[in-house]
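Report on the structure given below.
The model shown is predicted, which means the values in this text are computed figures rather than measured ones. Quick note: numbers below take in every heavy atom, side chains included, and nothing from hydrogens, waters or symmetry partners. Below, chain A is the first sequence line, B the second, and so on; all start at residue 1.
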2 protein chains.
Amino acid sequence: MPNDASLATRFDEWQAQGFDAEACPVRNVLDRIGDKWTSLLLVALAAKPRRFSELHRAVPDISKRMLTQSLRDLQRDGLITRHVFPTKPPSVEYRLSPLGQSAMAPLASLIDWAERSFAEIKASRAAFDAGDTSEQMSAA
Amino acid sequence: MPNDASLATRFDEWQAQGFDAEACPVRNVLDRIGDKWTSLLLVALAAKPRRFSELHRAVPDISKRMLTQSLRDLQRDGLITRHVFPTKPPSVEYRLSPLGQSAMAPLASLIDWAERSFAEIKASRAAFDAGDTSEQMSAA
DNA sequence: GGTCTTCGGTCTCTATTCAAGACCTACTGT
DNA sequence: ACAGTAGGTCTTGAATAGAGACCGAAGACC
């Protein structure tokens, strides 16, 4: 069962292993999750399989270039599968693989946290931007 | 309780709201989590409070510039706090705020998933890079 | 028959962001 | 006196993201 302590322990282990980017799951996997679009696409596909243009409409401000690239990355990592139908204008459907579905639970818990904490984060940002220099000068 | 269905529902809600980046917790929060360094720093600070150079040593291949900037972002979002001690060479300690600690549980579950799935992801990447074009042509 | 739109992309070009490393002030040890 | 440490900032090049043009084939429109 993961908790803060085991996280810290694992951090030490990763560090001991020289923090090789190839070997470190955090760097490998979280870099992809945080890829600005990929998590959004995963959530979009969690609802149901969708086609390319459908995804493009669902996530309005992604460019085709980035959509293509993000889908390729997701496919490469085995989180989604790509199905080509040789229809008159070709249609391509993307759907979550079992591996991708297994990611939804932890991803949902993160999103859940994000929604719960969003007000507090926004408040903190506002305070920070207002010049709130609440830095403790311990033992002046 | 979050599950796939509620995620999908929320996605529809975000979409209905015009997907304003300001209002969407996923884009706001996940963008930061996936900021390449921030989650790593959060994990590093989960173990214990650390000082600037200590963090720089703990995460070997981050540049000072990015370390400074990532810490500022984290501080701005209220996930960490910054404590300046007016010692002879000034020392600055960073530590997780309560909000930051509340993020560790979902983050840990994601990292847990990442470690469990890493082998499968690596295998998938290898297959993909080997030119495994396993695209289903339904109804040839 | 000619033109317009859809679909799933690719290509090019520009703007932003990242990363490496020099530099800075103040102090400390040798 | 000189180098080194601490916590950064600044400058400069490299990688990356985004906007939008283009493409081929097939309908649908007129």
Side-chain angles (χ1 to χ4, degrees), chain A residues 19 21 27-28 30-41 44-45 49-76 80-95 128 133 135-140, chain B residues 19 21 27-28 30-41 44-45 49-76 80-95 128 133 135-140:
Chain A
F19 246 121
R27 308 194 63 173
N28 253 284
L30 283 236
D31 277 9
R32 178 139 337 287
I33 293 297
D35 218 24
K36 181 166 192 180
W37 299 115
T38 48
S39 44
L40 220 43
L41 291 176
L45 291 174
R50 292 180 200 251
R51 294 172 44 186
F52 185 89
S53 344
E54 205 177 344
L55 282 168
H56 199 193
R57 280 187 295 269
V59 183
D61 50 352
I62 190 175
S63 68
K64 282 179 167 187
R65 186 184 179 279
M66 289 316 293
L67 180 54
T68 301
Q69 188 180 313
S70 303
L71 289 170
R72 284 281 186 291
D73 288 346
L74 251 15
Q75 187 193 1
R76 188 172 101 100
I80 64 175
T81 55
R82 181 175 186 267
H83 308 264
V84 179
F85 300 95
T87 49
K88 331 37 166 345
S91 62
V92 179
E93 192 183 76
Y94 295 92
R95 62 183 67 165
F128 187 92
T133 340
E135 292 174 355
Q136 280 76 7
M137 293 289 190
S138 308
Chain B
F19 247 121
R27 310 193 61 174
N28 252 284
L30 283 236
D31 277 8
R32 179 139 335 287
I33 293 297
D35 218 24
K36 181 166 192 180
W37 299 115
T38 49
S39 44
L40 220 44
L41 291 176
L45 291 174
R50 292 180 200 249
R51 294 174 42 186
F52 185 88
S53 341
E54 204 177 346
L55 282 168
H56 198 194
R57 280 187 295 270
V59 183
D61 50 352
I62 190 175
S63 67
K64 283 177 168 190
R65 184 185 180 279
M66 289 315 293
L67 180 54
T68 301
Q69 187 179 314
S70 303
L71 289 170
R72 285 281 186 289
D73 287 345
L74 250 16
Q75 186 193 0
R76 187 171 102 100
I80 64 174
T81 55
R82 182 176 187 268
H83 306 265
V84 180
F85 300 94
T87 49
K88 328 43 169 340
S91 62
V92 179
E93 191 182 76
Y94 295 91
R95 61 182 67 165
F128 187 93
T133 340
E135 293 174 354
Q136 280 77 5
M137 294 290 191
S138 309

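Of the residues listed (A:R72, A:E93, A:R95), the one engaging A:R82 in a side-chain contact (heavy atoms from CB on, under 4.5 Å) is A:R72, and it is the only one.
Distance, A:L67 CG to D:dG20 C1': 15 Å, rounded to whole Å. One atom, CD1 of B:I62, and another, P of D:dG7, lie 15 Å apart when rounded to the nearest Å.
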Counting primed atoms plus P, OP1 and OP2 as sugar-phosphate and everything else as base, spell out the protein contacts along nucleotides 2-19 of chain C at 4.0 Å heavy-atom distance: B, S or - for each nucleotide, 5' to 3'. -----SBBBBB-----SB
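Taking CZ of A:R50 as the reference point, atom CZ of A:R57 lies at 10.5 Å (rounded to 0.5 Å). We find the NZ-CG distance between B:K36 and A:D35 to be 11.0 Å, quoted to the nearest 0.5 Å.
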After noting the C-alpha distance and the side-chain angles of B:W37 and B:L67, does the key distance pass the side-chain contact (heavy atoms from CB on, under 4.5 Å) rule? CA-CA 8 Å; B:W37 299 115; B:L67 180 54; over 6 Å; no
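Counting heavy atoms from C-beta outward, B:Q69 and B:T38 have side chains that stay 4.5 Å or more apart.
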